[in-house]
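Input: a single structure, listed below in structure tokens.
Residue numbering restarts at 1 for every chain, and letters A, B, ... go by the order of the sequence lines. Source: prediction; values computed, not measured.
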There are 2 protein chains.
Amino acid sequence: MNDDNPKPVRGRPRTMNADTVRDVAMDAYWRTDPADVSINAICQMAGIAKPSLYRAFGSEDGLTRAVLDSYADRVLSVVFAILQNGEGLQDTLDALIDFASADPRMETGCLFYKMRAGKHRLGPETRARVEEIDAMAQAAYAAVLQGARDAGNWPGGLSVEAGATYLGEQIALAITQRASGEDPARIREMLTLALSVFTRQ
Amino acid sequence: MNDDNPKPVRGRPRTMNADTVRDVAMDAYWRTDPADVSINAICQMAGIAKPSLYRAFGSEDGLTRAVLDSYADRVLSVVFAILQNGEGLQDTLDALIDFASADPRMETGCLFYKMRAGKHRLGPETRARVEEIDAMAQAAYAAVLQGARDAGNWPGGLSVEAGATYLGEQIALAITQRASGEDPARIREMLTLALSVFTRQ
DNA sequence: TCATTTTGTTACCAGTCAGTATTTTATACC
DNA sequence: GGTATAAAATACTGACTGGTAACAAAATGA
């Protein structure tokens with residue numbers, strides 16, 4: 001993705017690494033909340049001047065959008081992999097429970113859910129990307145549940161779509177509770193309870 | 001609570017009604033989000049000058065605290081009444097489901113949950129009150145579940161405390177979804193599903 | 001009439017925000 | 001050397017934030 005074989009061009013050589021700045025921003029957004037981290041603070045943390053950031057990302061929306069793209073590549077892909085590679089419903093749900101309630105990456109919550117919760121504060125590009133990812137996740141959850149339904153184990157009177165929304169929101173709730181410092185063991189207990197509705201005999 | 005028999009005192013008579021200003025602020029906070037409503041905007045909406053507001057409430061923290069107190073009196077009391085007056089577990093859960101998924105007062109969400117979600121942005125007084133109310137709610141939920149447990153219908157292997165947290169968070173999730181424009185019928189479906197774990201035979 | 005008290009009004013404070021114009025610096029090309 | 005080019009650094013803009021000082025207005029009490 002990055003040209004790390006920089007054939008020399010005219011002009012002052014660049015000292016700022018956009019990927020590094022993006023990662024600094026992601027870390028700050030992720031640890032606290034995107035709404036609580038200013039461009040000024042990111043520049044200070046990254047040791048760069050503001051115009052350099054604006055040259056690389058164009059606007060705050062451009063930065064948050066780049067951060068979200070990278071976050072999707074590096075973190076959300078794990079969830080999509082679980083959904084696509086799980087062996088059966090119970091196995092998939094167990095993997096999701098493990099990830100949400102125990103994975104150290106979710107210790108300070110999920111940056112995507114934080115962005116989604118404050119969606120109205122985001123710029124248009126980032127907001128559109130949030131909605132796109134949300135739709136992808138809903139589809140992935142629905143695919144898993146449709147598979148279970150086809151296999152014959154499905155609670156009566158529940159639509160796959162509603163089940164997918166329910167599943168996604170329960171995961172979001174569990175991870176958001178991680179961010180607020182709730183005891184992981186209790187989070188696991190509650191998430192297991194919430195998802196038991198899919199597998200009661 | 002208010003002295004509406006104002007025996008004349010010295011000084012210029014007051015034209016500002018603090019209760020009205022508080023209600024204007026509550027409405028604005030409730031419709032959108034406390035973090036998105038500035039003191040300046042409230043003054044403009046209420047048609048008063050900033051020093052008048054500060055004379056009445058002392059600080060932004062004082063105002064949000066007064067708003068939360070009033071909200072607890074006028075709205076949260078409904079939930080506590082449901083919890084205290086419900087006839088049996090299923091009846092109580094049904095009433096909670098009705099309130100969360102259909103009551104028009106929750107159409108733009110719950111101000112308390114909005115404050116709790118942005119707790120770190122609140123002043124110390126308001127934050128303390130949020131935590132106090134949260135503890136009261138947890139206790140009220142636990143009392144209902146303890147009653148059901150004493151009556152003999154209780155799912156195996158679940159502590160009352162964890163059940164109470166689960167119940168509270170499911171209500172919060174449902175109401176937060178109301179604020180984000182989710183279809184009330186689907187919210188009801190999902191909340192019913194989530195709370196069915198308490199009453200499966 | 002005149003001082004006292006309490007309110008409302010105006011204009012301001014310092015700080016922060018996202019974003020940018022301007023200048024300085026470091027390189028490549030000739 | 002000199003020139004073109006692109007990046008970095010500094011300093012700024014205008015808007016907004018919570019909060020307040022200074023003053024004007026409206027009442028009471030003497």
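- Toward the 5' end of DNA chain D, the nearer of the two residues A:Pro13 and B:Pro13, judged by each one's closest nucleotide, is A:Pro13.
- Using modelled atom types, no side-chain atom of B:Ser70 and backbone atom of B:Ala66 make a donor-acceptor pair closer than 3.5 Å.
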Detail all sub-3.5 Å separations between protein N/O atoms and N/O atoms belonging to nucleotides 1-3 of chain D.
none

Evaluate the side chain to side chain contact (heavy atoms under 4.5 Å, CB included) criterion for residues A:Asp103 and A:Asp98: first the C-alpha distance (whole Å), next the side-chain angles of each, then the deciding distance (0.1 Å), finally the verdict.
CA-CA 7 Å; A:Asp103 193 296; A:Asp98 272 345; over 6 Å; no
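- Legend: residues meeting ring-ring contact (aromatic ring centres under 6.0 Å, His included) with B:Tyr166, ordered by chain and number and at least two apart, are B:Phe198.
- Electrostatic pairing of A:Arg186 and A:Glu189 does not count as a salt bridge here, judged by no charged N lying under 4.0 Å from a carboxylate O.
- Residues of residues 50-61 of chain B having a heavy atom closer than 4.0 Å to DNA chain C, listed by number: B:Pro51, B:Ser52, B:Arg55.
- Distance from the side chain of A:Arg12 is smallest to D:dA6 among D:dA6, D:dA27, C:dG8.
- At a cut-off of 3.5 Å, with distance as the only test, no side-chain donor of B:Asn40 or B:Gln44 sits close to an acceptor on the other residue.
- Residues of residues 24-37 of chain B that place a heavy atom closer than 4.0 Å to DNA chain C do not occur.
- With A:Tyr141 as the fixed residue, the side-chain contact (heavy atoms from CB on, under 4.5 Å) test singles out one of A:Val160, A:Ile171, A:Thr92: A:Ile171.
- Rounded to an integer number of Å, the gap from CG of B:Leu122 to P of D:dG18 is 13 Å.
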Please determine whether side chain to side chain contact (heavy atoms under 4.5 Å, CB included) holds for the pair B:Arg149 and B:Leu145, giving the CA-CA distance in whole Å, both sets of side-chain angles, and the decisive distance to 0.1 Å.
CA-CA 6 Å; B:Arg149 183 173 170 147; B:Leu145 296 184; over 6 Å; no
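- Every pair tested for salt bridge (Lys or Arg N to Asp or Glu O under 4.0 Å) that includes a residue from residues 176-185 of chain A fails, sequence neighbours excluded, so the list is empty.
- Rounding to whole angstrom units, CG of residue A:Asn40 and P of D:dC16 are separated by 17 Å.
- Here the P atom of nucleotide D:dC16 and the CD atom of B:Gln44 are 10 Å apart, to the nearest Å.
- Residue pairs meeting the salt bridge (Lys or Arg N to Asp or Glu O under 4.0 Å) criterion with at least one partner in residues 153-169 of chain A, sequence neighbours excluded, are A:Arg116-A:Glu169.
- Distance check, rounded to the nearest 0.5 Å: CG of B:Leu167 to CD of B:Gln138 gives 9.5 Å.
- In this structure, B:Arg74 does not pair ionically with B:Asp69, as no charged nitrogen and carboxylate oxygen lie closer than 4.0 Å.
- Spacing between atom CE of A:Met16 and atom P of D:dA6 amounts to 16 Å, rounded to whole angstrom units.
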